[in-house]
Amino acid sequence: MTAAFRTTAAGRLKGAKPVKISFDGASYAALEGDTLASALLANGVHLMGRSFKYHRPRGVLSAGAEEPNALVGIHRDAARKTPNVRATVQEVYDGLTAVSQNRWPSLAFDVGAVNDIASPMFSAGFYYKTFMWPKAAWKSVYEPTIRASAGLGVAPDKPDPDHYASRYAHCDVLVLGGGAAGLSAALAAAETGARVIIADEQPAVGGALRFETGSTIDSAAGWDWAQATAVKLAAMDNVRVLTRTTAFGYYAQNMVGLVERVSDHLADPGHDLPRERLWQVRAKRVIIATGAIERHMVFDGNDKPGVMLASAGRTYLNHFGVLVGKNVGVFTASDSAYAAAIDLKQAGASIAAIVDLRDNPAGPLIDQARALGIEILSGRTLVRASGNLRVASMTVRATSGGPERTIPVDALLMSAGWTPSVHLFSQSRGKVAFDSATRRFLPGDYAQDCVSVGACSGTDTLADTVKDAVAAGEKAAKAAGLAKTVGTKVKAETSESWAGGMVGAAPGAGPDTTGKAFVDFQNDVTAKDIRLAVREGMRSIEHVKRFTTNGMATDQGKTSNIHGLAIAAEALGKEMPEVGLTTFRAPYTPVTFGSLVNHSKGRLFDPTRRTPFHAQEEKLGAVFEDVGQWKRAWYYPRAGEDMHAAVNRECATVRKAAGIFDASTLGKIEVVGPDAAKFMELMYTNPWEKLESGRCRYGIMLREDGFIYDDGVVGRLAADRFHVTTTTGGAARVMNHMEDYLQTEFPHLDVWLTSISEQWAVIAVQGPKSRDIIAPLVEGIDMSDGAMPHMSVREGKICGVPTRLFRMSFTGERGFEINVPADYAAAVWDAVWAQGQKHGACAYGTEAMHVLRAEKGYIIVGQDTDGTVTPQDAGLDWAVGKKKTDFVGIRGLKRPDLVAKGRKQLVGLRTKDPKVVLEEGAQIVADPKQPIPMKMLGHVTSSYWSENCGRSIALGVVTGGFERMGQTLYVPMPDKVIEVEVVGQVFFDEKGERLHG
Amino acid sequence: MLLIHCPYCDEDRPELEFRNAGEAHIARPENIAEISDEEFAQFFFIRTNPKGLIYERWRHIHGCARFFNAVRDSVSDKFLMTYKAGEKRPTVKAGEKA
Amino acid sequence: MADASRIHPLAGRKVANPAVTLTPAEPAARLSLRARPDAVAALSKALGVKLPEMPKRSATSKSGGRAALWLGPDEWLVIDTAGGDPLADCAKVKALHSAVDISHRNTAILVEGKGAEATLSAGCPQDLSLTVFPVGACSRTILGKIEVVIWRTGETAFRVECWRSFSAYAFDFLEEAARDAPIAA
């Protein structure tokens, strides 16, 4: 069945496959190649949406991306529900399901339309006045009501099941827009051999040739030439032609963001196709050929369904073969609407009249219209369009006033002329310039290596457009480094004319009139609203825009900005440029979150780093915690154990027998070169020159300001080689910090740094049985206390693979850290584990590690320090080389504030009640009865239950802490005050005998 | 995303490969342990933060890993030139491409 | 005693579609080699590979089993896939240098097929076209959210080196990106 308004007299969809679509539950016949808008219009459906504020019935205004009215929801399935899709952009597919928005209970009968009647209440700026009083009503009444009525469409409530592709691309010449200008420029550039990308937002190239049937290029119909040129370009190796692709953002140094709609137009996209593809294109030169957007006329009732841009009416006819009406009126100030009237007339529609604001329109198009018997009412204006859910008549009078005449119509085409699309040019930080002769803004000063050609730069004739475009294409290729030009020729002839045009409200919608003459359809801004804004004191277009919301809807004012500016300028008695033009910002049209998020979701949201022992730990039932990007074994619960029980057992087992711990995530840096020790002297507070090969030292690294930056055990492997360890979290920044000093402050030193964090996997074996566990696996290393004392390092073999074996301890027990090359790690773990089983060892996780080190008062940088703690504050003064003349932080440490009395110092805290475990971060005060706000003395930095001590233990920083030993302080909590005693940092084995025993 | 010319790779490379490292041409005093509090404050805390031409350090951290210097216009964000660490501070006028 | 064979962190993973295959590379010996220009000749001789001194260049030994990739003005990544011991070779060189074993720090993914470049271009902001990134070109750069070294070993073949713990992300990313390679070149 053919839709009622589909004609065979015109259009390019002849022979296209019929498909069925549904809109608000009703089924309609459509053709493949239709947009949702053209399909509905073919079925005589003009009512497609309701406006945002007044809920006025709306139809399509346009046939493209600038559409402000026909926004619908597209529902593919439960998870795929896209709101605010422009019906003029959405291509149909068999089974397409669309729903209207912003109406209840139905599109034709909408309760919200009462807002239209009550519109005096909702004038511009009402938000800023209405909800001011009473104040208490804001939370209870105003905000909930506003929130409920805010927004258009309904967001999907399920995770997006689609995937999105991403591509960085590079080219010599990027052409934005595939109309006559863009294609000519692309062809000229491509024929020089330049790498060219050309993007167009429509399903096929052609631009205005889509509706302008009066143009001939290279002896072919304009549209046919465009398609043939696209085919020719696509066949070239150096060219990429992207259709359905919107250039949404123009960023620094010719980086342009494109989004390609890959499968939204397909009935069954399948699993493999991405929904969209994001292109981040870096171009040496950009040619902007974005054309122009037709402006509507501002008059009362210009938003009635059936009232649309002349170019839209012509597109529906010439491309889609759809008559937008059978008795069509035209209201224009530009020649181009005549061509629409002529085409419609020739396709069988009657033209009720052409109302032209101009007194004496003249030219071939006007003559042709007259010759076809079309009534031309020149020097007249349209004061009103009437009708309920569809335009039914237009009311005409002379521009100067006088009697009115009402003419029945079923559609009304309008044209106030063309606005060059300077959006992307403006986004590139180019400055627009006002052309006072034609009253339009054109590209002025360029900020980047780009050029605008064709209608977007104000070129009105096709011949000039293609000539300029070819020259621009050749010039861009040359600038990009392509030497040869082949002399591309494109020859164009046209009967089209874009002469004429006006800006602002039509006569009849002036300051003295009532009625709603819409400037911005989507945000329901009328000419009156803009005049009101001026009366309220707004002087700049930036203020007018925010007061009225003109141009602030999802269409970003593509049709409304210039009219709004002109009306404001007139009301202010100024020229348009004096009132200003708002800067255009990305995105040009709305971009899905999916394309921007792209691959960065789920497993690719952030890298998850696992150690080489991860599988072993999983097998042992480890619970993992996130430490930065790392997954670290937190604790290893056995059957029936909670975290507390598991950690208690692990802590006790380490001190009784031994524990096996994955320390692989620690940062490791190999410092190599004859000046390695000199460099270490500068980077760490400790002395290094005299450290013997094979021995280790705990090092502290400061920033230049004297505060602790990192710490770790450093082993000297040879005179010219150190194996440095850093904290897990500090690995990358410590490496950067060291490289910074080496490259920029100490470049004279013969030393290099290499990250070996991931070369070596590390198994810490800690506890009295640690040596017994490891020794049988080790070859070539004498592990006796005499040969390998605490804080030493040896190279040899374990389980037949190389190892750097450290004797060191972060638990206070005899301990070893076995470094093995990562690919061998799992096998070594298994062997150590098997040995450990013979000696009653267990695996322990990061939680037990934290408890064990706190029992010994070992600090964790970043937990017990916060970037304002000096070695002295932390009780680590012993690690600062007193005789050293230089190290990073040496001067900072002498700053008055750092040597002053009363600094916060790290101390132990014993709760009076041994069962009470303090909360980390809790504040410490001297007198809990003092009035709030209390004077804080410091805070708890580490706090745990210590099974080995049989009580809670804690560390904290306390003002003058070292002088408060034995004092009672208080930790006020919401429900109680906890009494604590200030003690030394070490809770277990104070003499440190177990390290050696 | 900016393109930054790495003076070591001698190529314009994407900003993602780089990291800013603060103001350039602030040398750590060789006798740092002896300098006065005022001198230390000048060296460590005080930065010019100019509107317009700024001399700053960058590191091609995900490329050749070298630190280098750049002259950038803090108003337009544009790099005027980059040069190797240790090279003399060039004289560049705003709006001029060196 | 343990079995001393190396376990690849990506063992068992493989992606193949009509445009691109992703394969974990065989274990290799790797060196981070650092030296100033005056040591280049001696090191080149010892390694049997002429260390490239131009950015983005690599050089391969006669047998093809060993390559040196320029990463920075004094930094090379030496990769030996033929069972050699480049660390031992450098140990014989007296000239000032730093050679550090990173055989296990890095792992590699081979990205091969006519869609290889497109696959990498999903996450690498560099221009990987043959004119700008010809066969033999190499660079440390970015892939998605991680650092990698990309080395073009053939017109349609790349080796992507990354740190061990980032290899799962790298493979996951490339696997996702590879889906698009047969669809858009």
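To find a chain, count down the sequence lines: A is the first, B the second, and so on, and within it residues start at 1.
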Residue part contacting chain A, namely of B:Phe44, when any heavy atom lies under 4.5 Å: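 For B:Phe44, the contact with chain A is made by the side chain alone.
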Heavy-atom proximity to chain A below 4.5 Å, by part of B:Ile35: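 Both parts, backbone and side chain.
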Should we say atom [atom1] of [X] is surrounded by more than 12 heavy atoms from elsewhere, each under 6.0 Å from it?
| X | atom1 | answer |
| --- | --- | --- |
| B:Glu30 | CD | no |
| B:Asn49 | CG | no |
| A:Lys882 | NZ | yes |
| A:Lys678 | NZ | no |

Rounded at 0.5 Å granularity, tell me how far [atom1] in [X] sits from [atom2] in [Y].
| X | Y | atom1 | atom2 | answer |
| --- | --- | --- | --- | --- |
| B:Arg28 | A:Tyr741 | CZ | OH | 6.0 Å |
| A:Gln743 | B:Lys84 | CD | NZ | 12.5 Å |
| B:His25 | A:Thr744 | NE2 | OG1 | 11.5 Å |

Short side-chain to backbone donor-acceptor contact, A:Arg891 and B:Phe40, under 3.5 Å: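 Not a single qualifying donor-acceptor pair exists.
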Give, as side chain, backbone, both or neither, the part of [X] having an atom under 4.5 angstrom from any heavy atom of chain B.
| X | value |
| --- | --- |
| A:Asn736 | both |
| A:Tyr168 | side chain |
| A:Glu745 | side chain |

Any residue of residues 3-19 of chain B which, by heavy atoms, sits under 4.5 Å from chain A: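 Interface residues of residues 3-19 of chain B: B:Leu3, B:Leu16, B:Arg19.
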Chain A interface, residue from B:Ala85, B:Ala41, B:Ser36, B:Gly86 that has the most non-hydrogen pairs under 4.5 Å: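 Top option by heavy-atom pairs under 4.5 Å: B:Ser36.
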Chain B interface, residue from A:Asp705, A:Thr885, A:Val888 that has the most non-hydrogen pairs under 4.5 Å: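 Most heavy-atom pairs under 4.5 Å with chain B: A:Asp705.
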Which of A:Glu739, A:Arg429, A:Lys884, A:Arg282 touches chain B most, by non-hydrogen pairs under 4.5 Å: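 Highest number of pairs under 4.5 Å: A:Arg282.
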